[in-house]
Amino acid sequence: MGFADLSIAEIATDYNLAVEQVFHLCDGLGIAYKNARTRLPLEDAKAIISKILSEKHGDRANRGED
């Protein structure tokens with residue numbers, strides 16, 4: 001498995017989330033990490049980003065912004 005060269009902290013910054021929110025997503029998806037600087041495997045980074053985007057899309061749809 002390749003590495004995305006993204007850390008949890010970078011994902012949090014890119015998607016305007018607190019690091020703790022990304023930790024919570026990792027926990028929910030069963031993704032192991034040590035700290036905010038943990039570099040993620042490509043598939044794990046994709047899973048987290050997909051979850052973030054689906055939640056943001058769901059939030060917009062619920063507010064009628066879609």
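- For the pair L40/S7, no side-chain contact is recorded, criterion being any heavy-atom separation below 4.5 Å from C-beta on.
- Using a 4.5 Å heavy-atom cutoff, the side chains of D44 and P41 are in contact.
- A heavy-atom distance below 4.5 Å is not found between the side chains of Q21 and Y15.
- Annotation: the span from I48 atom CD1 to L6 atom CG amounts to 9.5 Å, rounded to 0.5 Å.
- Residues that satisfy the side-chain contact (heavy atoms from CB on, under 4.5 Å) test with E20, not counting sequence neighbours, are A18.
- Looking at every heavy atom in both residues, I8 comes nearest to C26 through CD1-SG, 4.0 Å.
- You'll find the side chain of E55 reaches within 4.5 Å of the side chain of L25, heavy atoms only.
- Going from atom CG of D5 over to atom CD of E10 covers 7.0 Å, rounded to the nearest 0.5 Å.
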For residues 27-38, run the donor-acceptor check on the side chains, cut-off 3.5 Å, and write out each pair with its distance to 0.1 Å, sequence neighbours left out.
{"from": "D27", "atom 1": "OD1", "to": "Y33", "atom 2": "OH", "distance (Å)": "3.1"}
{"from": "D27", "atom 1": "OD2", "to": "Y33", "atom 2": "OH", "distance (Å)": "3.4"}
{"from": "N35", "atom 1": "OD1", "to": "R37", "atom 2": "N", "distance (Å)": "2.8"}
{"from": "N35", "atom 1": "OD1", "to": "T38", "atom 2": "N", "distance (Å)": "3.4"}
{"from": "T38", "atom 1": "OG1", "to": "K34", "atom 2": "N", "distance (Å)": "2.9"}
{"from": "T38", "atom 1": "OG1", "to": "N35", "atom 2": "N", "distance (Å)": "3.0"}
{"from": "T38", "atom 1": "OG1", "to": "N35", "atom 2": "O", "distance (Å)": "2.8"}

Starting from the C-alpha separation in whole Å, work towards a yes-or-no answer on side-chain contact (heavy atoms from CB on, under 4.5 Å) for I11 and L17. CA-CA 8 Å; I11 291 173; L17 299 171; 5.7 Å; no
